[in-house]
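In what follows, chains carry the letters A, B, and so on, assigned in the order in which the sequence lines appear, proteins first and then strands, with residues in each chain numbered from 1. Side chains are part of it too, since the values below use all heavy atoms of this structure and drop only hydrogens, waters and symmetry mates.
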Amino acid sequence: MLTSKNMTNRQIAELLIDVAAAHQLVDPKTYKFQIIAYNRAASSVEHATSELKDLWDDGKLDSVPGIGKSIAGHLSEIFSTGKSRHFEQISKGIPVEVFKLMELPGIGIKTAIKMVKEESKTEIKKKLDEVNKIRNKNKRHLLPYAQKIASELTKWLLDDLNCKNVQVLGSLRRKVATIGDIDIAVATNNPVKTIEHFVNFPKLQKIIEKGDKTASILVPGGVSVDLLVSSVDSFGSALQHFTGSKFHNIALREYANKLGYSLSEYGIKKKKSKKETSASTVNKFRDEKSFYNFLKLDYIEPEIREGTDEIKASMNHTLPKLVEVGDLKGDLHIHSNYDIETSHDLGLSSMKDLVKKANELKYEYLAMSEHNPSKSKHTEAQIVDILKRKREKVEQLNYSLSKTKNNSVKKVFNSLEIDIMPDGLLPVSGVGLQTLDFAIVSVHSSFRLKRNEMTKRVLSALAHPKVLIFAHPVARKINQREGIDLNWEQIFEFCVKNNKILEINSSPARLDLPDLLVRDAVNAGVKMSINTDSHHLDHMDGIGNGVSVARRGWCEKKDIINTMSLEKFKEVIQ
DNA sequence: GCCGTTTTCGGCCCGACTGTTTTCAGTCG
């Protein structure tokens with residue numbers, strides 16, 4: 001159990017899992033609830049949107065759910081001294097290898113201890129190598145990749161004629177940014193045959209487990225697929241159960257408990273009182289809505305089933321009406337192939353083709369937002385010339401649109417995605433900016449500035465009156481690059497005060513703002529814009545990814561500016 | 001160890017599969 005003053009959230013989460021395991025070893029019965037608490041805290045830390053070290057600096061460690069007085073105290077000790085006496089005490093005598101071995105699937109602390117005691121040094125070494133391999137390989141998959149495998153499996157399962165319904169559930173249905181494994185439920189007349197069919201999937205690599213009701217296989221890319229079989233008349237409960245999240249289900253069951261019910265994938269039953277010996281009958285549900293309604297709850301959309309406060313809102317009938325793809329009236333971040341000698345990659349489709357695509361999507365407007373002309377290759381005067389030329393091009397396009405009938409697109413805006421330089425300045429002068437309808441700014445370099453510096457950098461760029469949108473604000477690339485470190489409270493406050501918009505970028509490797517920050521932004525009253533950042537007209541179909549992120553962040557239509565009509569949006573940029 | 005529309009005390013989800021200690025512990029989601 002290694003600790004240091006500068007632990008990242010990821011490392012702290014791992015530490016808390018180890019602490020939970022240590023309690024498990026010492027006495028699982030006595031520490032039953034501490035184990036739950038530490039594991040819960042670990043998961044919470046892993047998903048936190050600020051580094052705990054920063055929160056500790058600000059004295060806000062206990063703002064993280066699942067971290068109370070005690071854990072906050074231990075972490076505080078670690079941040080100031082590099083060590084925790086309590087964590088050292090509880091893990092005394094447990095070899096470090098034990099915690100590493102627990103990263104292997106199916107290995108808990110008891111098994112790991114046994115292995116270290118009984119197996120040879122070379123055997124252990126082999127297994128530790130395996131752990132490192134898993135660590136390197138075990139990246140979570142992007143949505144499109146997972147979706148492709150899931151649809152292949154769905155098709156395969158439907159080949160079995162006993163199969164009446166197949167649904168992809170779990171994190172894929174909740175539209176989490178990255179997918180660890182794939183969960184599928186089937187309604188079948190013949191569970192045995194259906195499971196047999198499932199494990200005969202042509203691309204199968206390995207059967208992990210196979211029982212009467214569930215099975216689990218490994219498919220190429222190291223993706224595991226869990227199958228749950230159900231009957232048609234209780235399929236609703238199965239959907240609910242397997243959609244999760246785990247924390248939503250736990251919260252839902254705690255809530256149901258208080259009403260005297262017990263929930264499972266089979267349905268809802270009245271809790272047995274101590275006198276009763278025979279099991280009570282199970283209420284079955286064909287669909288999810290009736291399942292939730294039975295518990296006096298409004299239906300909860302899958303994207304927000306994360307165990308935060310959705311059950312409370314459902315109970316009080318205050319759930320948001322989440323934004324939908326059909327609400328969008330335009331896409332404000334699109335790169336055409338019109339060559340303005342940009343600092344980063346140019347788009348691949350012509351403005352004309354992009355407008356045609358926007359027509360198909362029933363948009364009223366879109367914005368051509370290429371990267372700014374590269375600063376190193378041009379003088380300021382040249383940049384202004386280039387931008388004037390582009391303005392004319394867009395004006396021509398608008399003129400021809402005004403002459404064309406039956407197109408839904410009425411207006412193309414002239415925009416630009418401008419780099420925010422490390423010092424917060426923009427590589428386009430005031431004169432250049434005046435050629436634009438509005439500007440988008442974003443960070444494409446110097447990602448590692450300290451939080452205060454980075455916040456200052458971004459705010460100084462946002463301050464220019466022409467700047468409307470802060471694009472992919474976290475600047476992360478999933479599985480490749482961590483995001484930048486910003487003081488979000490300050491950013492949100494500035495945006496609200498000055499009518500600046502935060503982008504929800506739909507690119508599957510970005511999904512940025514991330515869902516949790518979207519939720520914070522909504523609560524702070526910040527308006528957002530869902531854009532595709534398309535570099536090809538086909539990318540414009542990906543808008544749904546951004547909409548999913550917005551939905552996970554509890555966005556309603558009113559929170560998203562590009563759901564506005566053209567007239568309303570024009571007012572915004574005035 | 002955390003947490004609160006019933007609680008600052010007294011609760012804390014529920015079931016499946018594996019392997020083996022044939023009645024359950026360990027692990028997982």
Side-chain angles (χ1 to χ4, degrees), chain A residues 16-17 19-25 28-45 61-75 86-87 90 101-115 169-171 174 180-185 191 195 199 207-217 224-230 234 237-238 240-269 271-272 279 282 295-296 307 309 311-318:
Chain A
L16 293 173
I17 288 169
V19 174
H23 281 94
Q24 169 95 14
L25 187 70
K29 289 220 169 72
T30 312
Y31 291 121
K32 189 174 170 195
F33 298 108
Q34 279 88 339
I35 294 162
I36 292 172
Y38 273 107
N39 279 317
R40 224 180 244 216
S43 168
S44 182
V45 169
L61 215 43
D62 56 4
S63 71
V64 181
I67 293 196
K69 245 191 179 155
S70 169
I71 296 180
H74 299 317
L75 292 181
H86 177 62
F87 292 173
I90 192 82
L101 288 170
M102 284 168 53
E103 290 181 43
L104 294 170
I107 309 294
I109 191 150
K110 302 262 167 96
T111 316
I113 289 273
K114 217 170 145 195
M115 283 161 82
L169 307 171
S171 50
R174 300 198 316 280
D181 59 10
I182 294 172
D183 301 299
I184 298 177
I195 286 189
V199 300
I207 299 171
I208 300 168
E209 60 182 38
K210 188 180 121 190
D212 298 338
K213 291 159 176 135
T214 66
S216 201
I217 63 170
S224 69
V225 184
D226 299 341
L227 184 79
L228 172 72
V229 297
S230 163
S234 61
S237 334
Q240 197 289 318
H241 170 77
F242 231 27
T243 296
S245 68
K246 182 176 152 190
F247 295 108
H248 173 78
N249 284 356
I250 289 174
L252 191 66
R253 286 164 187 188
E254 279 172 1
Y255 162 82
N257 257 339
K258 289 170 192 160
L259 299 181
Y261 294 112
S262 169
L263 312 184
S264 75
E265 54 265 56
Y266 305 114
I268 303 176
K269 60 185 177 192
K271 278 209 291 192
K272 262 193 297 196
V282 178
L295 297 167
K296 300 195 166 41
D309 48 355
I311 289 165
K312 201 162 110 192
S314 164
M315 201 164 68
N316 297 333
H317 312 293
T318 55

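- In this structure, A:I71 reaches the sugar-phosphate backbone alone: every heavy-atom distance under 4.0 Å involves primed, P, OP1 or OP2 atoms, never a base.
- Contact between the side-chain N/O atoms of A:K114 and the OP1/OP2 oxygens of B:dG19 is not found at any separation under 4.0 Å.
- A distance of about 45 Å separates the P atoms of B:dT18 and B:dT8, rounded to the whole Å.
- Here the side chains of A:H86 and A:S70 are not in contact, with every heavy-atom distance at 4.5 Å or above.
- If you take NE2 of A:H74 and C1' of B:dG1, they are 9 Å apart, rounded to a whole angstrom.
- Listed nucleotides B:dC13, B:dG1, B:dC17 differ in distance to A:S70; the shortest reach to its side chain belongs to B:dG1.
- For the pair A:Y31 and B:dC2, the criterion of a side-chain N or O lying under 4.0 Å from OP1 or OP2 is not met.
- Side-chain proximity of A:S262 to the nucleotides B:dC2, B:dC14, B:dG26 is greatest for B:dC14.
- A:D181 comes within contact range of no nucleotide atom at all, as no heavy-atom separation falls under 4.0 Å.
- Judged purely by atom type and a 3.5 angstrom limit, A:Y255 uses its side chain to pair as donor or acceptor with the backbone of A:L295.
- Between A:M115 and A:I107, some side-chain heavy-atom pair lies under the 4.5 Å cut-off.
- B:dG1 and B:dT5: their P atoms are spaced 24 Å apart (whole Å).
- A straight line from CD1 of A:I109 to P of B:dG26 spans 12 Å, rounded to a whole angstrom.
- Using a 4.0 Å heavy-atom criterion, one finds that A:L263 contacts the sugar-phosphate atoms exclusively.
- If you check every strand for non-hydrogen atoms under 4.0 Å, A:I107 touches sugar and phosphate atoms only.
- Between the C1' atom of B:dC2 and the CG atom of A:N39 lies a distance of 13 Å, rounded to the nearest Å.
- In this structure, the separation between CG on A:N257 and CG on A:L252 is 10.0 Å, given to the nearest 0.5 Å.
- Of the candidate nucleotides B:dG26, B:dC12, B:dG15, B:dC12 has the atom lying nearest to any side-chain atom of A:F33.
- Heavy-atom distances to DNA chain B give each of A:Y38 and A:K29 a nearest nucleotide, and the one nearer the 5′ end belongs to A:Y38.
- Counting non-hydrogen atoms under 4.0 angstrom, A:F242 reaches nothing in the nucleic acid.
- In this structure a side-chain-to-backbone donor-acceptor pair under 3.5 Å is missing from A:D183 to A:L169.
- Counting any heavy atom pair closer than 4.0 Å across all strands shown, A:H23 reaches no nucleic acid atom.
- Rounded to a whole angstrom, the distance from the C1' atom of B:dT6 to that of B:dG11 is 12 Å.
- Here the straight-line distance linking atom CG of A:L263 with atom CD of A:E254 works out to 11.0 Å at 0.5 Å rounding.
- A heavy atom closer than 4.0 Å to some atom of DNA chain B occurs in A:I250, A:R253, A:E254, A:N257, A:K258, these being the qualifying members of residues 247-261 of chain A.
- In this entry the distance linking CZ of A:R40 with P of B:dG29 reads 17 Å, nearest Å.
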Taking only nitrogen or oxygen atoms into account, show me every contact under 3.5 Å that the protein makes with nucleotides 3-5 of chain B, one pair per line with its distance.
| unit_1 | atom_1 | unit_2 | atom_2 | d |
| --- | --- | --- | --- | --- |
| B:dC3 | OP1 | A:G66 | N | 2.7 |

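- What separates CG of A:L228 from P of B:dC28 is a distance of 19 Å, to the nearest Å.
- A:F87 and A:Y38 have perpendicular rings, their planes meeting at more than 60° on a 0 to 90° scale where under 30° would count as parallel.
- In this structure, A:Q34 reaches the bases: a heavy-atom distance under 4.0 Å links it to at least one base atom across the strands shown.
- Rounded to a whole Å, the CD1 atom of A:I35 is 14 Å from the P atom of B:dC28.
- Screening A:D212, A:V229, A:T214 against A:I195 for a side-chain contact (heavy atoms from CB on, under 4.5 Å) leaves a single residue, A:V229.
- In the set B:dA16, B:dG26, B:dG1, B:dG26 carries the atom at the smallest distance from any side-chain atom of A:T111.
- Across every strand in view, B:dT8 sits unpaired, with no contact that passes the Watson-Crick or G-U test at under 3.5 angstrom.
- Between A:A112 and A:K210, the residue whose closest nucleotide on DNA chain B is further toward the 5' end is A:K210.
- B:dT23 and B:dG19 have their C1' atoms separated by 13 Å, given to the nearest Å.
- One finds a side-chain N or O of A:K213 lying less than 4.0 angstrom from the OP1 or OP2 phosphate oxygen of B:dA16.
- Atom name C1', nucleotides B:dT27 and B:dT20: the rounded distance is 15 Å, in whole Å.
- Legend: residues meeting ring pair (Phe, Tyr, Trp, His ring centres under 6.0 Å) with A:F247, ordered by chain and number and at least two apart, are absent.
- Here the side chain of A:S224 pairs no donor or acceptor atom with the backbone of A:D181 at under 3.5 angstrom.
- Listed nucleotides B:dC13, B:dG15, B:dC2 differ in distance to A:E265; the shortest reach to its side chain belongs to B:dG15.
- In the set B:dC2, B:dC17, B:dG26, the nucleotide with an atom closest to the side chain of A:K110 is B:dG26.
- Rounded to whole Å, the separation between the C1' atoms of B:dT7 and B:dC17 comes to 37 Å.
- Atom-to-atom distance recorded for A:E265:CD and A:N249:CG is 9.5 Å, nearest 0.5 angstrom.
- Closest approach to the A:T214 side chain among B:dA16, B:dG29, B:dG1 is made by B:dA16 (side chain taken as heavy atoms from C-beta onward).
- For the OP1/OP2 pair of B:dG1 and a distance below 4.0 Å, the side-chain nitrogens and oxygens of A:H86 include at least one atom meeting the criterion.
- Contact of the A:I17 side chain with the A:N39 side chain is registered, since non-hydrogen atoms from C-beta on lie closer than 4.5 Å.
- B:dG10 and B:dA16 have their C1' atoms separated by 30 Å, with the value rounded to a whole Å.
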